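Take a look at the structure set out below.
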Amino acid sequence: MSSKTLKKGYEPGEVERRWYAYWEAEGLFHADDKSTAPPYSIVIPPPNVTGALHMGHAHNNTLQDILCRYHRMLGDNVLWMPGTDHAGIATQNVVEKVLAEEGLDRHQLGREAFIERVWQWRREYGGRIIEQLKRLGASCDWKRERFTMDEGLSRAVRTVFVRLYAEGLIYRGNYIINWCPRCLTALSDLEVEHEDHNGHLYYIRYPFEKGEGWVVVATTRPETMLGDTAVAVNPDDERYQLSEGAKVVLPLMNRGIPIIHDRYVDTGFGTGALKITPAHDPNDFEIGQRHGLDVIKVIGDDGRMNENAGRFQGLDRFECRDEVLKALEEEGLLEKVEPYQHSVGHCYRCRTTVEPNLSKQWFVKVEPLAEKAIAAVEQGRTRIIPDIWTKTYFDWMRNIKDWCISRQIWWGHRIPAWTCQDCGELIVDMEAPEACTACGSGAMKQETDVLDTWFSSALWPFSTMGWPDQTPTLTTFYPTSVLVTGFDILFFWVARMMMMGLQFMDDVPFRDVYIHALVRDAEGKKMSKSKGNVIDPLRVIDKFGTDAFRFTLAAFAAQGRDIKLSEERIEGYRHFVNKLWNASRFSLMHLETFEPNKTAIDVSRLCVADRWILSRLDHVAETVRTALDDYKFNEGAGALYQFVWHELCDWYLEIIKPVLYGSQAGQTAADTPSAAREMTLAVLWCVLSETLRLLHPFIPFVTEEIWDKLPGTHGSIMRAHFPAGGQSRRDEEAEQIMALVMETISGIRNIRGEMNVPPGLLVHALVQSADEKIRGVLQHHREMITNLAKLETFEVAPPGERPASCATAVFSQGTIYVFLEGIIDFQAEQDRLTKEIAKIEKELRGIEKKLGNTSFLTKAPAQVVAGVKEKKQAFVEKREKLEKHLNIVKELLAAS
RNA sequence: AGGCAUGUAGCUCAGGGGGAGAGCGCUACCCUGACACGGUAGAGGUCCCGGGUUCAAAUCCCGGCGUGCCUACCA
C-alpha cells in the first residue's frame, strides 16, 4: 500500500479506517450459501436500534469476531449474521421523547403516523450502532443485515403466531399481569426487575359486621384494601375460630366482605389474617378464583385510583396510600406500623414501579416447548459453556410459567388476530380476513396489541436465514455453530430461541452456547449511566486503538469471572500492540529485500536459536488453537503475549541482531556471514508471518497493516491460513540448549545488576563445569553469551582454582565467575551470597521434612520420591559451593 | 428464603493434589542503532479462617466469615 517501512510508533486511527474499508470492499466478510467448505455460523445478538455501543456489546462482539476470523483462517465457510432488534418499548419511548420536544404525543399523531415516525427515526439513526460495530472490527456479512421488523422477519413472526395458536399453544385470557403505568403496557415476568425496598408493614383492623371486635390484617400496600373482597385465614390457625362466611366490614368502603379459609395463608406471618385483593395481586387472584370471590379493580391503567375507589378516586396510587393511612388512623383502625423490607418490581425499561393488574392478554403456553428445550440440552445436542450455566438453564426451564406476549404499545408486530364486530368471532390468520368465517360479516377489527419484542428475537436464528421459506442459507448454516452471549439474557433470549428453534426447525438453533461474563468498572460495579461509571468503548478506541481494546477484552475473558475494566489496563495492552509493531518494524528493516520464495528453511543449517524459536512458535500455535476451540480466549491471548514479548522480542530478536548486522558467522564453517544471515532471515520471516496470523483474530488491524508490508504476502491476512502448530518443528534439544544458555546469561546479568556493574562496562566471565557436554554447548554459543551478557571475554573450563576478585553464581550445571577486578564490593558480594544461601536453605528445610517422613517414602510414587531426592542433591551441592565462595569473600573482606 | 459463584503479591487476576505465577504498580541502574508505549536486575505472598481426607492440600471435602450475582408469590 505505501512505503515498506513502518513509523516509529503505531498509529491506529488511520490504519483501522483504511483496512476496514478494504475488507468490506473486497467482500472478505461474505459467506457463501453453497460452498463445499465446512460451514461455521454465528448469529449476532441483535442490539437495539436505539442502542449505542456499550462495553457489553464491545466484549460480546469482540469474542464473536475472534471466533469468526479464526474459523475463516481455518478455511471454514463463515457466516456471521448481523442485524438489529426493533426493541418495541425502548424505541417507542425514544421516539415519544422526540415528539414531546415538538410538543406532540403519539395520540395526537395517531397510530399510523406514529409508526411512520418511528421508521423515519430508524432510517436516520438506526444505523448508528452498526457503524460502531464496524469500528470494533466486526467482520459480519453486512450484505445480509436484518431487522426484526423487516418484511421477511415479520412474516416469520406471523407464521409462528398462527401455528402456535392453531396448536393451542397461544391463548388469550384474563389474568394478573405486570403492568407498567408509565409505558401503559403489560410486561412479562422477566421484564420486571425486583429490588429490595425499605417499606412498612401496616396492621389494619377490619371490624366484625356483627358483634364486637375486629380482625387485624397486615399489608405493605394499604391502598389496595379498597379492592379487597375477602379476608383469608388458615383453617388450622387456632387463633381464628371464625366460621367461613362470617363477615367483616371493609374500612373506608363500608362494604361487608367474607372471611374465607385457605391453606395458602401462612400462620406465622403478620397476624395470620390475609386481606384478599384479587384484582391487584397474583396470589390473591388465585385464592379468589378458588373461592369464587368478586374481583374489584381499584387502580386504573394510569396508576391512578379509579371509580371503584370511592372518595379516593383520581389519586395517584402512592398518594392514595398516604390518604388511606390517614383516614384509617382517624378512625382508629390503624393498629401499628412496622418497618419492613420487601422486594418491589420495576419496569426494566423505565424503572417505574409495576402494578400487578388484572387484564386480558395473550399468552404462550410454554411448558410443552420447554420440555423439548430441556431434552435438547440433556442429550447434549446443545452444549452450554461454561457448564455452570446448564443448571441455571434447567432450573428456569423447569419452573417456567406462561409467557405474556401482548404489549399495549404501537411499535412492534401487530398481533394477527381479528374480531368480528357483529358476532364476536376471533380469527387468527396470516392476513386480514375479508369476512367473518362464522357470520360472513365484513366488519373485522384487528387486535390493537403488538407482540413482545422477544417473541421476534426468539426466531432470530432461522428468521434471519429466510424462514419460513426453505432457503439455501438455512440448509447450509442452520443450526448455527455457537451463540455468544451474556448470562443476563439467558432466559429472555437463549431459552426462547431454543424453544422456537426446536418447535419450528425441528433442530436446536445452535450447537454451543458460550456464556461470557459481564464487563464492570474498575471497582467491580456494574456500569450504568446513573452511576456515571461507564467507559465509552468508542472513546477507548479513539484513545488506545481498537486492537489494544480488543486484546484487553480477550485477555481478561476468563470463564466465569467478570471483567473489571479500567483505562489503565487497556493502556497496558496498547503497549503490547506497540511492541509487536516495533518488533515488526525491526524485522522488516532487515527483510526489505528478502524473497521468501527463494529461500527455503534448511533445518540442518539453522542455529540453535532459530530451531528454538520455531519450536516455541509451534508450541504457541497449538496453545492458541486449543484455547480458541475451547472458548478460552484469555489463554490464547496470554500465550501470544508471552511468546511475542518474552520469547520473540526479549530473546530471539536480541540473539539474531549480530547475525543480521553481519558481524557473526553461521552455524557451519561453510556458511559465510551473508549465507548465515539469509538463513536467519528465512526463519525470521517465517516466525513473523505466523505470529501475525496467530494474532490476527485478536488484533486484526495492526496485523493486517504489518502483513501488507511483509514481503512475499499476497492479499489480506484474513485469507491466510491459521498456523497448524502440532509437532513438526518441536525441537526438544534446542529448547534444552537454549534453557542452559539463557540460564547462564541470566546468571551473569544478575551479578551485573546486583553488583552495580556499569551497564556499558564489558567484563570477563568464566564458567567451570564438570560436565564435558555442558562445556561444549557453552563454548559453542560463546558469542551469544558474550553479546547478551555484555562480556569482554567468555571462557569455559573444568572445575579448578577459584579466581580472585570475582562474584559468583551457581547454576544447575556449574559455577559462573564474573571478574570484577577493581570494582568489586566484597561487602555487597557477601550480602548477595548470604541472601542466596538463605533462599536455598528455606527450600531445603521443606525437602528434608518430606524425606524424613517414612510414609512419604513408602506411599508416594517412586517417581515423585526420586524427584525430591534429586532436587535435594542439587540444592545441597549448590549450597556447598555458595558457602565456599562466601567464606573466601569473608576472608578477603577481613584482609582488606 | 433458596441457589450459584468467589476470596492467591499493593492492585487486577491466571493456575490448581507433590518446586507459589502473570500483568500493572513499586525499587535500582540504563536514552545499547525495533521499541522510554523501551531495556536489565530486584523487592514483595499464613494462596480468607477452622476442621477433615491424603504419604502430601493453596488445590479435594465439610463448617464458618467476607464479597458479588441470580431466582422467589409469603401479605
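Quick note on labels: first sequence line is chain A, next is B, and so on, each numbered from 1. Values in this document were obtained by computation on a predicted structure and should not be read as measured data.
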By nearest atom, which of the nucleotides rA75(B), rG38(B), rG19(B) is closest to the Lys579(A) side chain? rG38(B)
How is Arg749(A) classified with respect to the nucleic acid when contacts are heavy atoms under 4.0 Å: base, sugar-phosphate, or nothing? sugar-phosphate
Side chain Asn750(A), main chain Ser746(A), donor-acceptor under 3.5 Å: no
Given rU32(B), rA36(B), rA75(B), the nucleotide with the shortest approach to the side chain of Lys790(A): rU32(B)
For rG50(B) versus rG42(B), give the span between their P atoms, rounded off to a whole number of Å. 33 Å
Rounded to the nearest 0.5 Å, what's the gap from CG on Leu820(A) to CD on Glu829(A)? Could you check? 7.5 Å
Whether the side chain of Lys8(A) and the base of rC35(B) hold a donor-acceptor pair under 3.5 Å is what I'd like checked. no
Under 4.0 Å, heavy atoms only, any strand: does Gln863(A) hit a base, just the sugar-phosphate, or nothing? nothing
Given rG33(B), is OP1 or OP2 found less than 4.0 Å from the side-chain N or O atoms of Lys657(A)? no
Let's see if you can work this out: which of rC55(B), rA14(B), rG42(B) has an atom nearest to the side-chain heavy atoms of Lys835(A)? rG42(B)
What interatomic distance, in whole Å, is found between C1' of rC65(B) and the corresponding atom of rU40(B)? 44 Å
Determine the contact category for Tyr340(A): base if any of its heavy atoms lies under 4.0 Å from a base atom, sugar-phosphate if only primed atoms, P, OP1 or OP2 are that close, otherwise nothing. sugar-phosphate
Which is true for Lys839(A) with a 4.0 Å heavy-atom rule: it touches a base, it touches only sugar-phosphate, or it touches nothing? sugar-phosphate
Minimum-distance nucleotide to Asn578(A) side chain [options: rC35(B), rA41(B), rA28(B)]: rC35(B)
Base, sugar-phosphate or nothing for Val217(A)? Non-hydrogen atoms, less than 4.0 Å. nothing
I'd like the C1' distance from rG21(B) over to rU54(B), given in whole Å. 25 Å
Classify Asp284(A) by what it touches in the nucleic acid, base, sugar-phosphate, or nothing, heavy-atom distance under 4.0 Å. nothing
P spacing across the pair rG2(B) / rG63(B), given as an integer number of angstrom: 13 Å
Is the shortest heavy-atom distance from the side chain of Phe633(A) to the side chain of His516(A) under 4.5 Å? no
For a quick check of understanding: with a heavy-atom distance under 4.0 Å over all strands, which category does Glu843(A) fall into, base, sugar-phosphate or nothing? sugar-phosphate
In terms of side-chain heavy atoms of Ser343(A), which of rA72(B), rG23(B), rC37(B) is nearest? rA72(B)
Using every non-hydrogen atom in the two residues, find where Phe549(A) and Met55(A) come nearest and quote the distance to one decimal. CZ-SD, 3.6 Å
Does Pro356(A) reach a base, just sugar-phosphate, or nothing at all? Heavy atoms under 4.0 Å. nothing
Would a line drawn from the ring center of Phe698(A) to the ring center of Tyr573(A) be shorter than 6.0 Å? no
Partner lookup for rG63(B), please. Criteria are Watson-Crick or G-U wobble with both distances under 3.5 angstrom; report none if nothing qualifies. rC49(B)
So, OP1 or OP2 of rG23(B): does either fall under 4.0 Å of a side-chain N or O from His646(A)? yes
Any donor-acceptor N/O pair under 3.5 Å between rC73(B) base and Tyr264(A) side chain: yes
Using only side-chain N and O atoms of His342(A), determine if any of them is under 4.0 Å from OP1 or OP2 of rC74(B). no
Using a cut-off of 6.0 Å, state whether more than 12 heavy atoms not belonging to Glu848(A) lie near its atom CD. yes
Lys NZ or Arg CZ of Lys657(A) over Phe586(A) ring: under 6.0 Å, within 45°: yes
Considering only side-chain heavy atoms of Arg569(A), which listed nucleotide, rC55(B), rU12(B), rA75(B), is closest? rU12(B)
Any strand is fair game: report the nucleotide pairing with rC55(B) by Watson-Crick or G-U wobble, both distances under 3.5 Å, or none. rG18(B)
Just to confirm, is there a sub-4.0 Å distance from OP1 or OP2 of rG19(B) to any side-chain nitrogen or oxygen of Lys871(A)? yes
So Pro759(A), base contact, sugar-phosphate only, or nothing? Heavy-atom distance under 4.0 Å. sugar-phosphate
If I pick the P atom on rA57(B) and the same atom on rG66(B), what distance separates them, to the nearest angstrom? 28 Å
Check the angle between the aromatic planes of Phe492(A) and Tyr348(A) and answer parallel, tilted or perpendicular using the 30° and 60° thresholds. parallel
rG25(B) to rG45(B) separation - C1' atoms, rounded to the nearest Å: 16 Å
Touch class at under 4.0 angstrom, heavy-atom based, for Lys401(A) against every strand present: sugar-phosphate
Listed nucleotide nearest any side-chain atom of Leu274(A), set rG18(B), rA75(B), rG39(B): rA75(B)
For rA1(B), which nucleotide in any strand shown is its Watson-Crick or wobble partner with both distances under 3.5 Å? rU71(B)
Can you tell me if the side-chain N/O atoms of Asn750(A) get under 4.0 Å from OP1 or OP2 in rG42(B)? yes
Roughly how far apart, to the nearest Å, are rC13(B) and rG18(B) at atom P? 24 Å
Exercise: identify the closest heavy-atom pair between Gly9(A) and Trp581(A): C-NE1, 3.5 Å
Looking at Ile176(A) and Ala279(A), what are the two nearest heavy atoms and their distance? CD1-O, 3.4 Å
Searching all strands shown, indicate the nucleotide that pairs with rU40(B) (Watson-Crick or G-U wobble; both distances under 3.5 Å). rA28(B)
Heteroatom pairs (N/O) under 3.5 angstrom, protein to nucleotides 3-6 of chain B:
unit_1 : atom_1 : unit_2    : atom_2 : d
rU6(B) : O3'    : Arg561(A) : NH2    : 3.4

Assert: residue with more 5' nearest nucleotide on RNA chain B, out of Lys275(A) and Gly753(A), is Gly753(A)
